[in-house]
Student: 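Handing you this structure, nothing more for now.
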Number of protein chains: 2
Amino acid sequence: MAIGIKISLNDRLYLRDPQETPLGQKIIRHSILLIDEIGFEAFNFKKLAKRMNSTEASVYRYFENKHLLLIYLVSWYWEWVSYLIDINTMNIEDPERRLKIIIENFVYASKENPSIEYVNESVLHRLIIAEGTKAYHTKMVDEENRDGFFSNYKTLVQKVANVISEINSEFPYPRALASNMFEMANNHIYFAQHLPRLTDVTVNDENFDEVEVMIEFFANALLHNCPGKE
Amino acid sequence: MAIGIKISLNDRLYLRDPQETPLGQKIIRHSILLIDEIGFEAFNFKKLAKRMNSTEASVYRYFENKHLLLIYLVSWYWEWVSYLIDINTMNIEDPERRLKIIIENFVYASKENPSIEYVNESVLHRLIIAEGTKAYHTKMVDEENRDGFFSNYKTLVQKVANVISEINSEFPYPRALASNMFEMANNHIYFAQHLPRLTDVTVNDENFDEVEVMIEFFANALLHNCPGKE
DNA sequence: TATAATTGATAGTATTGCTATTATAAGTGA
DNA sequence: TCACTTATAATAGCAATACTATCAATTATA
């Protein structure tokens, strides 16, 4: 627990706060590793319990079901990226430079120093890339949205949108660009790894530079006056 | 079956070709309606069989499992959008106008005349928006990609990328822009409906005009010379 | 030291995801 | 027309999943 960051997440996501107890922390740690390993569909609480030498019933005391656990993990990631952006853009005046850092953090969230011992941020990043959007693509999205389950994402998007508006106050789609940059970062890493004909960038191993350059290119093209602009 | 279009889909997606028999067509029709209604997670073959007055075992003779059925439906959609683009851009020389039509088809696929009686294209479009990306966000993606399960998407993206390159042969990311426009169309309709703070557009009922305008704006900004371009 | 709270161990239930078996109906080919 | 294949229905069954309940063992707390 190097730095004193406290990830604040909606307390309706869990039955008992997993950050507070060793067992809860084990659930977080091992669910990240296991979902990454076998995929969210094959993942369940029985397998998780076995992996961490606990019991199914114990896991159910922390989370109602695996879907809420996923939202918890995804929210964690959104919060963590927000936090990275905050510390890395602190004291930087120029909004253009701030946006560049934001893009870097979208693409390279995993490369930052881990801040909490029971969360492997690098694996979590892989998990978000592969499974992240499943958190809000469900029939319960409206209800869960009312309960504030996605507020961390909204806060992150608003933070980025503010920088976009600072760069170009005339730009009509600051939030859409912000969410699109985030989704694009994840999508095109995934495409490059699994469906390369859907993108033009390549990634190898831990090097996502081309994705970063592409998103910068998109952002620059959109935020500086263009003939096509209406 | 108004027009003589034959949707050609990878025959490894099914055990028996559902297009060939009345029961197969019933499976397609009702799976679209039922997934749209209850969501992909809650959907299963037992419920589908009950809904269409058949039996679980009969459905299993056509599709191995619900995941392959989803890929089948998503592939159908990709093929159908490809087809719409083909007929709607036929005889149009100007690539800018062709791209505009492509964007319109991405956003308004549902508004076109239905072409096959057992596929409700409007409901299918909703299904794609809500569940589409689950087709390729699984642990089996590489294997399924090797089997050609996503080739319809690749073909569609390549078709659009070609138009992009015609407009601006210097543009370095034609495929990424193509796939991004497609995903963005679906995403921002979904956001506007369920998570409006993640976008800047609004949609009401069947009117997605703002999404269309936004994607045109993005495409124009990117494809015409900008100071930010490297 | 009494008490409360947490976890483990075990069992149990309803549903899901699928396979197998047999019966019936419908079409086909000689 | 009869044998013959094929598709579907009806039913059963099984292993896995998604939980819930109970109670004992342990640990923390007052």
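Every chain is numbered from 1 and lettered A, B, ... according to where its sequence line falls, protein lines coming before strand lines.
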Student: Roughly, in whole Å, what's the span from CG in B:Asp17 to P in D:dT6?
Tutor: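 It is 17 Å, rounded to the nearest whole Å.
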Student: Would you find a donor on one side and an acceptor on the other, under 3.5 Å apart, between the side chain of A:Tyr108 and the backbone of A:Asp209?
Tutor: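 Yes: the side chain of A:Tyr108 pairs with the backbone of A:Asp209.
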Student: Between D:dA10, C:dT7, C:dG8, which nucleotide has the shortest distance from any of its atoms to the side chain of A:Thr21?
Tutor: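 Ranking D:dA10, C:dT7, C:dG8 by closest atom to the A:Thr21 side chain puts C:dT7 first.
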Student: I'd like to know if the side chain of B:Asp205 reaches the main chain of B:Asn207, judged simply by a donor and an acceptor atom lying under 3.5 Å from each other, with no hydrogens or angles considered.
Tutor: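 Checked: no pair found.
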Student: Examine C:dT6: is either OP1 or OP2 under 4.0 Å from a nitrogen or oxygen in the side chain of A:Tyr62? Give yes or no.
Tutor: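 A:Tyr62 to C:dT6 OP1/OP2: no side-chain N or O under 4.0 Å.
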Student: Heavy atoms within less than 4.0 Å of DNA chain D: which residues of residues 64-76 of chain A have one? Give them sorted by number.
Tutor: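 Heavy-atom contacts with DNA chain D come from A:Glu64, A:Asn65.
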Student: Checking A:His30 side chain against A:Lys26 main chain: does a donor-acceptor pair fall under 3.5 Å?
Tutor: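 Pair found, side chain donor or acceptor close to backbone of A:Lys26.
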Student: Between A:Asp36 (side chain only) and A:Leu124 (backbone N and O only), is there a donor and an acceptor less than 3.5 Å apart?
Tutor: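 Looks like no, no N/O pair under 3.5 Å.
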Student: Which letter, B, S or -, goes with each nucleotide of nucleotides 21-30 of chain D from 5' to 3', with contact meaning a protein heavy atom under 4.0 Å?
Tutor: BB--------
Student: Using the rule given for side chain to side chain contact (heavy atoms under 4.5 Å, CB included), can you reason through A:Tyr136 versus A:Phe149, listing the C-alpha separation, both sets of side-chain angles and the distance that settles it, and then say yes or no?
Tutor: CA-CA 9 Å; A:Tyr136 52 80; A:Phe149 287 7; over 6 Å; no
Student: Listed in order of residue number, which residues of residues 39-50 of chain B have a non-hydrogen atom at under 4.0 Å from DNA chain C?
Tutor: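 Under 4.0 Å from DNA chain C: B:Asn44, B:Lys47.
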Student: Which whole-number value in Å describes the distance from A:Tyr60 OH to C:dG8 C1'?
Tutor: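 Taking OH of A:Tyr60 and C1' of C:dG8, I get 17 Å after rounding.
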Student: Run through B:Val81, B:Ile87, B:Asn88 and flag the one making a side chain to side chain contact (heavy atoms under 4.5 Å, CB included) with B:Ile85.
Tutor: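 Of the listed residues B:Val81, B:Ile87, B:Asn88, the side chain to side chain contact (heavy atoms under 4.5 Å, CB included) partner of B:Ile85 is B:Val81.
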Student: Kindly point out which of D:dA7, D:dT20, C:dC18 is positioned nearest to the side chain of B:Glu56?
Tutor: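 Closest of the options to the side chain of B:Glu56: C:dC18.
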Student: I need the A:Glu131 CD to A:Phe43 CZ distance, nearest 0.5 Å.
Tutor: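 So the gap between those two atoms works out to 10.5 Å.
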Student: Mind calculating the distance between CD (B:Glu20) and C1' (D:dT8) to the nearest angstrom?
Tutor: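 For the pair B:Glu20 CD and D:dT8 C1', the rounded distance is 17 Å.
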Student: Assign A:Phe63 to base, sugar-phosphate, or nothing according to its heavy-atom contacts below 4.0 angstrom with the strands shown.
Tutor: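 Touches nothing.
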Student: For A:Ser54 and C:dG8, is the shortest distance between a side-chain N/O and OP1 or OP2 below 4.0 Å?
Tutor: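 Looking at the OP1 and OP2 atoms of C:dG8, one of them is under 4.0 Å from a side-chain N or O of A:Ser54.
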Student: Are the side chain of A:Asp200 and the backbone N or O of B:Arg175 linked by a donor-acceptor pair below 3.5 Å?
Tutor: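 A pair under 3.5 Å: yes.
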Student: What is the separation between atom CD1 on B:Ile38 and atom C1' on C:dT16, rounded to the nearest whole Å?
Tutor: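 Going from CD1 in B:Ile38 over to C1' in C:dT16 covers 13 Å.
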Student: Closer than 3.5 angstrom, by distance alone: can the side chain of A:Arg29 be matched with the main-chain N or O of A:Glu117 as a donor-acceptor pair?
Tutor: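 The answer is yes, because a donor-acceptor pair under 3.5 Å joins these two groups.
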Student: OP1 or OP2 of C:dG8 less than 4.0 angstrom from a side-chain nitrogen or oxygen of A:Ser58, does that happen here?
Tutor: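 The answer is yes; a side-chain N or O of A:Ser58 sits under 4.0 Å from OP1 or OP2.
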Student: With distance as the sole test, does A:Lys66 use its side chain to make a donor-acceptor pair with the main-chain N or O of A:Phe40 at under 3.5 Å?
Tutor: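 Checking the backbone N and O of A:Phe40 against the side chain of A:Lys66, a donor-acceptor pair under 3.5 Å is found.
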Student: If only atom types and distance count, is the side chain of B:Lys134 paired as donor or acceptor with the main-chain N or O of B:Ile71 below 3.5 Å?
Tutor: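 Flag not set: sc B:Lys134 to bb B:Ile71 has no pair under 3.5 Å.
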Student: Send over the distance from B:Leu23 CG to C:dA25 C1', rounded to a whole Å.
Tutor: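 Value for this atom pair: 14 Å.
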